[in-house]
S.K.: 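Just dropping this structure here.
Nothing here was measured: the structure is a model prediction, and the numbers come from that model.
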Amino acid sequence: MQMWNEGTPPIITLPDMAGRTAIVTGASRGIGRAVVQALQANDVFCYGFADVFDSVESGPLWQPIVCDLREPEAIRGAVDSVGRESLDYLVNVAGIDPKVPLSEGDETTWHRIIDLNLRAYYLMIRACGPLLVRGAGKSIVNISSINYRLGISGRSIYTTSKAGILGLTVGLARELGKQDIRINTVTPGWIFTERQIEEYFATEDADVHLNTLAEKQSLRLKIHPLDVANHVLFYLSSVSRASTGHNMVVDGGWLLE
């Protein structure tokens, strides 16, 4: 039987990004943290937004900013606290993916998921727009999920939020394009983040989940967060200057599109 590929991908190098600045939400863990790592490897200074950090110490290419992305005033305040006149890149990653059956999904639960997974993306773009206009990179990347195509029971609110991200990207592409700002989506499949490993692949049911991946994915690959980050870098860099309003799927050949 073919063995699983568990390697870590190399981080792509895109020279045009060196010396630029980015805001990354959900930067404390998972895909967000991998995006920060990939940006730093390309000499990009990152402002990381998240509700909690293991450490809030800044570094040569890093400034963590604690922000409750469910709160509009917190978003505006966090963007203002960056204290910059321009910004090159915005990457919206933050999100949660709880299973909530329809019978339990009241309006409070709806807002808890949608306000973080979708509304925060819109409000971050709106707050960062004036800075991006004055920047050199002028690129936004939103992170969605192939879950919006899978119809998984108990994920209707989460699925709605992820489908909405694609609509948000398309809906803003022409409007932002008038200001030379590009906006694209990267849509991951099942990514081996720390939390996903803990919840699904370090349990007694790990073989069940691996068998699902083996059945669904075309590649026997444990997709690393840096695999997603590399695709984000592509959309941020001017090498993709002709792309806006598009969606790039990173799922090991699950959806085959």
S.K.: Between N230 and I12 (side chain of the first, backbone of the second, donor and acceptor by atom type, cut-off under 3.5 Å), is there such a pair?
M.R.: yes
S.K.: With rounding to the nearest 0.5 Å, note down the distance linking CD1 in I140 to CD1 in I183.
M.R.: 4.5 Å
S.K.: Could you check if a side-chain atom of T185 sits within less than 4.5 angstrom of a side-chain atom of V141, using non-hydrogen atoms only?
M.R.: no
S.K.: Decide yes or no for I146 and P188: does some side-chain heavy atom of the first lie under 4.5 Å from some side-chain heavy atom of the second?
M.R.: no
S.K.: Does a sphere of radius 6.0 Å around CZ in F201 hold more than 12 heavy atoms from other residues, nucleotides or ligands, not counting ones at 6.0 Å or beyond?
M.R.: yes
S.K.: Does A18 offer a backbone N or O that forms a donor-acceptor pair with the side chain of N42 under 3.5 Å?
M.R.: no
S.K.: Please find the pair of heavy atoms, one from A173 and one from T244, that lie closest to each other, and give the distance.
M.R.: CB-OG1, 4.1 Å
S.K.: Taking only residues at least two apart or on different chains, which pairs with a member in residues 109-126 satisfy salt bridge (Lys or Arg N to Asp or Glu O under 4.0 Å)?
M.R.: D115-R119
S.K.: Under the 3.5 angstrom rule, does the side chain of R155 hit a backbone N or O of D97 as a donor-acceptor pair?
M.R.: yes
S.K.: So, for L39 and A22, which heavy atoms are closest and what is the spacing to 0.1 Å?
M.R.: CD1-CB, 3.9 Å
S.K.: Atom CZ in R220, atom CE in M3: separation rounded to 0.5 Å?
M.R.: 9.5 Å
S.K.: Please walk me through it: do T193 and R33 pass side-chain hydrogen bond (donor to acceptor under 3.5 Å, both in side chains)?
M.R.: CA-CA 10 Å; T193 63; R33 185 159 65 183; over 6 Å; no
S.K.: Kindly compute the distance separating CG (L255) from CG (L150), expressed to the nearest 0.5 Å.
M.R.: 6.0 Å
S.K.: Indicate yes or no for a side-chain donor-acceptor contact from T159 to the backbone of S156 under 3.5 Å, with no hydrogens or angles considered.
M.R.: no
S.K.: Applying side chain to side chain contact (heavy atoms under 4.5 Å, CB included) to S145 and Y158, what does each step give before you reach the verdict?
M.R.: CA-CA 9 Å; S145 167; Y158 173 72; 3.4 Å; yes
S.K.: Is the backbone of G135 close enough, under 3.5 Å, to the side chain of D88 for a donor and an acceptor to pair up by distance?
M.R.: no
S.K.: Examine V249 and V170 and state if one hydrophobic cluster contains both, with Ile, Leu, Val, Met, Phe, Trp and Tyr joined whenever side-chain heavy atoms are less than 4.5 Å apart.
M.R.: no
S.K.: Going from CZ on R182 to OG on S139, what distance comes out if it is rounded to the nearest 0.5 angstrom?
M.R.: 4.0 Å
S.K.: Does a side-chain heavy-atom distance below 4.5 Å link Y47 with V24?
M.R.: no
S.K.: Hey, does the side chain of Y121 reach the backbone of L168 with a donor-acceptor pair shorter than 3.5 angstrom?
M.R.: no
S.K.: Might you confirm whether atom CG of D106 has over 12 heavy atoms from other residues, nucleotides or ligands at distances under 6.0 Å?
M.R.: yes
S.K.: Could you tell me whether the side chain of S161 and the main chain of I114 form a donor-acceptor pair under 3.5 Å?
M.R.: no
S.K.: Assess the residue pair T160 and L118 against the criterion (side chain to side chain contact (heavy atoms under 4.5 Å, CB included)); give the C-alpha distance rounded to whole Å, side-chain angles, the decisive distance to 0.1 Å, and a yes or no.
M.R.: CA-CA 9 Å; T160 299; L118 182 57; 5.9 Å; no
S.K.: Does I65 share a hydrophobic cluster with L61, counting links as ILVMFWY side-chain heavy atoms below 4.5 Å and allowing steps through other members?
M.R.: yes
S.K.: Heavy-atom count around R241 CZ within 6.0 Å, excluding the residue itself: above 12?
M.R.: no
S.K.: Which atom pair, heavy atoms only, marks the closest approach of I23 to C128?
M.R.: CD1-SG, 3.9 Å
S.K.: For L69 and A120, work out which heavy atoms get closest and say how close.
M.R.: O-CB, 3.3 Å
S.K.: Could you walk me through whether V52 and V66 satisfy the side chain to side chain contact (heavy atoms under 4.5 Å, CB included) test, starting with their C-alpha distance in whole Å, then the side-chain angles of each, then the deciding distance to 0.1 Å, before giving a yes or no?
M.R.: CA-CA 6 Å; V52 177; V66 175; over 6 Å; no
S.K.: Testing the basics here: between A27 and V36, what is the closest heavy-atom pair and its distance to 0.1 Å?
M.R.: CB-CG2, 3.9 Å
S.K.: Donor-acceptor check, side chain of N5 to backbone of K222, threshold 3.5 angstrom: yes or no?
M.R.: no
S.K.: Are I125 and V82 linked, directly or through intermediate hydrophobic residues, by side-chain heavy-atom contacts shorter than 4.5 Å (ILVMFWY only)?
M.R.: yes
S.K.: Is the shortest side-chain heavy-atom distance between Y200 and W190 below 4.5 Å?
M.R.: yes
S.K.: Heavy atoms only: give me the nearest S58-P64 pair and the separation to one decimal.
M.R.: CA-CD, 4.0 Å
S.K.: Kindly indicate, with the supporting measurements, whether the criterion side-chain hydrogen bond (donor to acceptor under 3.5 Å, both in side chains) is fulfilled by D16 and S237.
M.R.: CA-CA 7 Å; D16 69 292; S237 167; 2.7 Å; yes
S.K.: Show every salt bridge (Lys or Arg N to Asp or Glu O under 4.0 Å) that has at least one partner inside residues 245-257, sequence neighbours left out.
M.R.: R149-E257
S.K.: Would you compute the distance between atom CD of E194 and atom CD1 of I197 and round it to the nearest 0.5 angstrom?
M.R.: 7.0 Å
S.K.: For W110, what residues pass the ring-ring contact (aromatic ring centres under 6.0 Å, His included) criterion, not counting sequence neighbours?
M.R.: none
S.K.: With side chain to side chain contact (heavy atoms under 4.5 Å, CB included) as the test, would you mind laying out the steps for K99 and S153 before giving the verdict?
M.R.: CA-CA 8 Å; K99 279 192 173 183; S153 180; over 6 Å; no
S.K.: Taking the side chain as every heavy atom from C-beta outward, state whether Y89 and L132 have any atom pair closer than 4.5 Å.
M.R.: no
S.K.: Extract all donor-acceptor atom pairs below 3.5 Å that involve side chains of residues 206-219 and protein atoms in other chains or at least two apart in sequence.
M.R.:
unit_1	atom_1	unit_2	atom_2	d
N211	ND2	D207	O	3.1
T212	OG1	V208	O	3.1
Q217	NE2	L219	O	2.9
Q217	NE2	L221	O	3.0
S218	OG	G253	O	2.7

S.K.: Using only atom types and a distance under 3.5 Å, with no angle test, would you say the side chain of S240 pairs donor to acceptor with the backbone of F234?
M.R.: yes
S.K.: Using a side-chain heavy atom cutoff under 4.5 Å and only I, L, V, M, F, W and Y, what cluster partners does Y148 have?
M.R.: L166
S.K.: Scan residues 56-84 for pairs that pass salt bridge (Lys or Arg N to Asp or Glu O under 4.0 Å), counting only residues two or more places apart or in two chains.
M.R.: none
S.K.: Would the distance check show the side chain of N92 and the main-chain N or O of N142 forming a donor-acceptor pair, the cut-off being under 3.5 Å?
M.R.: no
S.K.: A side-chain contact here means heavy atoms from C-beta on lying under 4.5 Å apart; do M17 and L236 qualify?
M.R.: yes
S.K.: Is any side-chain heavy atom of V250 closer than 4.5 Å to one of T187?
M.R.: no
S.K.: Just verifying a value: how many Å separate E107 CD and H111 NE2, rounded to the nearest 0.5 Å?
M.R.: 7.0 Å
S.K.: May I ask you to test the I113-P98 pair for a side-chain heavy-atom distance under 4.5 Å?
M.R.: yes
